[in-house]
Amino acid sequence: MIHIRLPDGASRALSASSTAADLAASIGPSLAKRTVAAIVDGRLSDLSAPLPDGAAVELVARDDPRALDLIRHDLAHVLAEAVQALWPGTRTAIGPAIEHGFYYDFDRETPFTPEDLPVIEKKMREIIAARTPFTCEEWGREEARAHFEAAGEPYKIALLDAIPKGEPVTIYRQGDWLDLCRGPHMRTTGDAGTAFRLTRVAGAYWRGDANNKMLSRIYGVAFADKVALEAHMTMMAEAEKRDHRRLGREMNLFHFEEVAPGSVFWHPNGWRLFQTLIGYMRARQEEAGYVEVNSPDIMDRSLWETSGHWQNYRENMFLAKTQDDRDYALKPMNCPGHMLIYGQGTKSYRDLPLKLAEFGKVHRYEPSGALHGLLRVRSFTQDDAHIYCTPGQLTEECLKVNDLVMSIYRDFGFGDVRIKLSTRPENRIGSEESWDRSEGALREALDQAGHPYTIFEGEGAFYGPKLEYVLRDAIGRDWQCGTLQVDFNLPERFGSTYVAPSGEKLAPVMLHRALFGSLERFTGILIEHHAGHLPLWLAPIQVVVATVTEAADGWATEVAKVLRASGLRVETDLRNEKIGYKVREHALRKVPVQIALGAREAEQGTVTIRRHGTEGTRTLDLGEAVDCLARQARPPRELG
RNA sequence: GCCGCAGUAGCUCAGUGGUAGAGCGCACCCUUGGUAAGGGUGAGGUCGGGAGUUCAAUCCUCCCCUGCGGCACCA
């Protein structure tokens, strides 16, 4: 006999070598029917595994959220079986459950095409309908190796070799098909269910390493039931509607051209939005003691050698050979230029902290496959700044940047911010000691701010460790924006100094920081976050004044003039169209405020306002309307 | 950069080995109307670029460019 503890605290006696399936059956037939896995002493496991005496066991039903990964992982196996049934000789690599679904990597002479997916899916549904039991077997290493060698599965042998000595080698079998697998799995292929869909084929490097062979990956989405699958599909459609590339076109904000891949052509409306962001940031920075500068876009190779970019970053730089046979580079970062500005004149400790800000446009030759609308471009504008301070001021300055960036994100409606701390990478400059100090300063600032963070070992910049601020948007997606980096190296390389109270010349410490990060990217994120419906203070066109009849043209022109005088961005629409047509068009362009004027308003000196997001219309006196709109259109925080 | 897919009017897309079509948009005309599409007429295309096959290529083949989905990269 063994004794099992249940989550409610009850204890149950079962005969020796009983399984979780037996436990479920002993409780009741309907429970047994619903149960697909068990959590034994905190670990998800198969129903068929014998339970140890004294184990704490919780039974997991198929509709339990914790069963979702099992459904997805089961489907990965079913996918692999289907593929090998259809194309014998296809080699299998790995097939995990992932967020929203699963994938399996295959090695095959000719990669899969989208046309293969319905065929594979059909086969998968046959395998599921067969309700073949999953069984777990423990094999000897040599036995497993011999099997996969005979089966022509080199990737499985590599995975087998990666299993630490002493750990068991488990094989999961479904009918005639088997896979090297840690498990667990559910009872039969039938438990995987039919709420899944194969979505795409993609290339993926074996073990995620670009030096390895590229395998052919098949992705699927899967959920516990059709309702959840449909909800996911709806969500995908919603995300597509928010796509800033589509909205950018519909709202006439920007476009791209083949002649400048990864570089934005800003249209008047997009540029207004962009400039509104810069204006806001300029005011916030001024308030925080920054001074704005500007440095050249193209500078000689020797500068980049001094900064270390030539040695560490050249493959990402746009290079230019000039008629006088000099090597220039378009700046990929603003820091070297700022070093030269700092270097002008003698700096005293009284000048520190010195905060040089620049809305500098940087160019980086990003890999072609990385480009993505405004979110990953080859030329972009940073709200960059470099803070020169004494070692003693370092932590306080980090804290100030942290406070500023969090305050700014709040103004834009991003309350959910995560921080990543990336430490020294393999490819780096500077002494271990300065890295210790830099990493220590960032840690200390974060600890003092009391903000939780995640450490990413080896992901820092070549000149220093960095903090990265990751925003979560309205539909739960994460975007990396701001960054804060500590740098002892560049001041040293440039021989930067300040005169200390003792009269001694010392090297300042430098902070690199960008809060929006890239203005281009931040604009894209805002568009997606708001689904194009930007808050009034950011909307490129805040108000359209549209006429119902020609009789109101004069009044409309007057109203627009008054609104503009109060600082609002206003367009008039005097076209020979019906008001319904105009309303529809401006609503689709996501103009937040529409004012309709007909004979009535013209006569009474009033305006009829239609505000996006609210029902119906309101008719007000012009003066009242201007006050109200101008107030609503102010930036979210009073600027100093 | 790698794997796959795609590129036809401003946009969304149809189409064919014999030099192209729709809807929306645009222009003009009629209509002067009250909150998500009033009606008519018309203009608009080097069918991404280059080479090849062919009597003939937007269509078939190859190369390149760009985009899309992943992978890798992302100071």
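Naming: A, B, ... by sequence-line order, numbering from 1 per chain. As the structure is a computational prediction, the values presented were derived from the model and not from experiment.
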(message) Classify A/T608 by what it touches in the nucleic acid, base, sugar-phosphate, or nothing, heavy-atom distance under 4.0 Å.
(response) base
(request) Could you tell me whether A/G598 contacts a base, only the sugar-phosphate backbone, or nothing, with contacts defined as non-hydrogen atoms closer than 4.0 Å? (result) base
(request) Please work out if A/P425 contacts a base, only the sugar-phosphate, or nothing of the nucleic acid, heavy-atom cut-off 4.0 Å. (result) nothing
(message) Can you measure A/E366 atom CD to B/C73 atom P for me and round it to whole angstrom units?
(response) 13 Å
(message) At less than 4.0 Å, is any side-chain N or O atom of A/R610 found next to OP1 or OP2 of B/A36? Yes or no.
(response) yes
(message) Under 4.0 Å, heavy atoms only, any strand: does A/F256 hit a base, just the sugar-phosphate, or nothing?
(response) nothing
(request) Would you kindly give the CZ-to-P distance between A/F112 and B/C2, to the nearest whole Å? (result) 22 Å
(request) Measure from CZ on A/R600 to P on B/G34 and round the result to the nearest Å. (result) 10 Å
(request) Pick base, sugar-phosphate or nothing for A/L588, based on heavy-atom distances below 4.0 Å to the nucleic acid. (result) base
(request) Report yes if at least one side-chain N or O of A/H372 is closer than 4.0 Å to OP1 or OP2 of B/G69; otherwise report no. (result) yes
(message) Whole angstroms only, please: what is the CD-C1' distance between A/E250 and B/G10?
(response) 14 Å
(request) Using the C1' atom on both, measure B/G49 against B/A57 and round to a whole Å. (result) 15 Å
(message) I want to verify a distance call: between B/G1, B/G4, B/A37, whose nearest atom is closest to the A/S368 side chain?
(response) B/G1
(request) Please determine if A/K361 and A/D297 form a salt bridge, counting it only when a charged side-chain N lies under 4.0 Å from a carboxylate O. (result) no
(request) Could you tell me the separation between the CG atom of A/L247 and the C1' atom of B/U12, rounded to a whole number of Å? (result) 15 Å
(message) Can you tell me which nucleotide in B/G70, B/G4, B/A36 comes closest to the side chain of A/P114?
(response) B/G4
(request) May I ask you to decide whether A/E432 forms a salt bridge with A/R437, counting only side-chain N to carboxylate O separations under 4.0 Å? (result) no
(message) Is the ring pair A/Y409/A/F414 parallel, tilted or perpendicular, if the boundaries are 30 and 60 degrees?
(response) perpendicular
(request) Please lay out, stage by stage, how A/K466 and A/E468 fare under the test salt bridge (charged side-chain N to carboxylate O under 4.0 Å, His left out). (result) CA-CA 6 Å; A/K466 60 181 183 184; A/E468 282 168 332; 2.9 Å; yes
(message) Base, sugar-phosphate or nothing for A/E601? Non-hydrogen atoms, less than 4.0 Å.
(response) base
(message) Quick check on contacts: within residues 545-555 of chain A, what sits under 4.0 Å from RNA chain B by heavy-atom distance?
(response) A/V548, A/T549, A/E550
(message) Going by purine N1 to pyrimidine N3 plus the second Watson-Crick contact, or the G-U wobble pair, all under 3.5 Å, which nucleotide sits opposite B/U19?
(response) none
(request) Verify the contact: side-chain N or O of A/Y219 to OP1 or OP2 of B/C71, cut-off strictly under 4.0 Å; return yes or no. (result) yes
(request) Indicate, with a heavy-atom threshold strictly under 4.0 Å, whether A/G616 touches base, sugar-phosphate, or nothing. (result) nothing
(request) Indicate whether OP1 or OP2 belonging to B/U12 is found under 4.0 Å from a side-chain N or O atom of A/R249. (result) yes
(request) Ignoring backbone atoms, test whether A/T617 places a side-chain nitrogen or oxygen under 4.0 Å from the OP1 or OP2 oxygen of B/U35. (result) no
(message) Measuring only the P atom in each nucleotide, how far is B/U12 from B/G25? A whole number of Å is fine.
(response) 15 Å
(request) Scan A/F112, A/F196, A/Y219 and name whichever one has a ring-ring contact (aromatic ring centres under 6.0 Å, His included) with A/Y103. (result) A/Y219
(message) Rounding to an integer number of angstrom, what distance separates B/G45 and B/U53 when you compare their C1' atoms?
(response) 26 Å
(request) Scan A/Q485 against the nucleic acid and name what it touches under 4.0 Å (heavy atoms): base, sugar-phosphate only, or nothing. (result) sugar-phosphate
(request) Considering only atom C1', compute the distance from B/A37 to B/G18 and round it to an integer number of Å. (result) 40 Å
(message) Check this for me: does any side-chain nitrogen of one of A/D209 and A/R207 sit under 4.0 Å from a carboxylate oxygen of the other?
(response) no
(message) Under 4.0 Å between a side-chain nitrogen and a carboxylate oxygen: does that hold for A/E520 and A/R376?
(response) no
(request) With heavy atoms under 4.0 Å as the rule, sort A/N211 into base, sugar-phosphate or nothing. (result) nothing
(message) Could you tell me the Watson-Crick or G-U partner of B/A9, where both distances fall under 3.5 Å? Say none if there is no partner.
(response) none
(message) Distance check, P atoms only: B/C11 and B/A51, in whole angstrom units.
(response) 26 Å
(message) For a quick test of reading the model: is some side-chain N or O of A/R245 closer than 4.0 Å to OP1 or OP2 of B/C68?
(response) yes
(request) Could you work out the separation of B/U32 and B/G38 based on their C1' atoms and round it to a whole Å? (result) 12 Å
(message) Can you tell me the base-pairing partner of B/A14? Count Watson-Crick or G-U wobble geometry only, both distances below 3.5 Å, and say none if there is no partner.
(response) none
(message) Once you apply a heavy-atom cut-off of 4.0 Å, does A/A461 come out as touching a base, just sugar-phosphate, or nothing?
(response) sugar-phosphate
(message) Over all strands shown, is A/R217 touching base, sugar-phosphate only, or nothing at heavy-atom distances under 4.0 angstrom?
(response) sugar-phosphate
(request) Counting Watson-Crick and G-U wobble pairs only, both distances under 3.5 Å, name the nucleotide matched with B/G42, or none. (result) B/C26
(request) Scan every strand shown for a Watson-Crick or G-U wobble partner of B/A51, both distances under 3.5 Å, and answer none if you come up empty. (result) B/U61
(message) What's A/K582 touching, base or sugar-phosphate or nothing? Going by heavy atoms closer than 4.0 Å.
(response) nothing
(message) Looking only at the side chain of A/T113 (C-beta and beyond, no hydrogens), which of the listed nucleotides B/G70, B/G25, B/G4 gets closest?
(response) B/G4
Short N/O separations, protein against nucleotides 6-8 of chain B, under 3.5 angstrom:
none

(message) Could you identify the nucleotide paired to B/G34, looking across every strand shown and requiring Watson-Crick or G-U wobble geometry with both distances under 3.5 Å?
(response) none
(message) Salt bridge or not between A/R197 and A/E121? Use side-chain N to carboxylate O under 4.0 Å.
(response) no
(message) Can you list everything that forms a ring-ring contact (aromatic ring centres under 6.0 Å, His included) with A/F488? Sequence neighbours excluded, please.
(response) none
(request) Quick one: look up who B/C73 pairs with, Watson-Crick or G-U, both distances under 3.5 Å, and put none if it's unpaired. (result) none
(message) Restricting to non-hydrogen atoms, name the atom on A/P336 and the atom on A/W304 that form the minimum distance, rounded to 0.1 Å.
(response) CG-CZ3, 3.4 Å
(request) Using whole Å, report how far CG of A/N252 lies from P of B/G10. (result) 15 Å
(request) Report the relative orientation of the aromatic rings in A/H512 and A/Y463; use parallel for angles under 30°, tilted for 30 to 60°, perpendicular for over 60°. (result) parallel
(request) Go through B/G33, B/C74, B/C2 for me and flag the one nearest to the A/K578 side chain. (result) B/G33
(message) Between A/D436 and A/R424 (salt bridge meaning N to carboxylate O under 4.0 Å), is one present in this structure?
(response) yes
(request) Using the C1' atoms only, state how far B/U16 lies from B/C74, rounded to an integer number of Å. (result) 45 Å
(message) Can you check the distance between B/G23 and B/A72, where both ends of the measurement are the C1' atom (answer in whole Å)?
(response) 41 Å
(message) Would you compute the distance between atom OG1 of A/T606 and atom CG of A/L622 and round it to the nearest 0.5 angstrom?
(response) 9.0 Å
(request) Answer yes when A/E250 and A/R589 have at least one side-chain N-carboxylate O distance shorter than 4.0 Å, and no when they do not. (result) no
(message) Please report the distance, rounded to the nearest Å, between CG in A/N212 and P in B/C71.
(response) 16 Å
(message) Categorize A/P367 for me: base, sugar-phosphate, or nothing, with a 4.0 angstrom heavy-atom threshold over every strand shown.
(response) base
(message) Just the rounded figure in Å: distance from C1' of B/C71 to OH of A/Y104.
(response) 18 Å
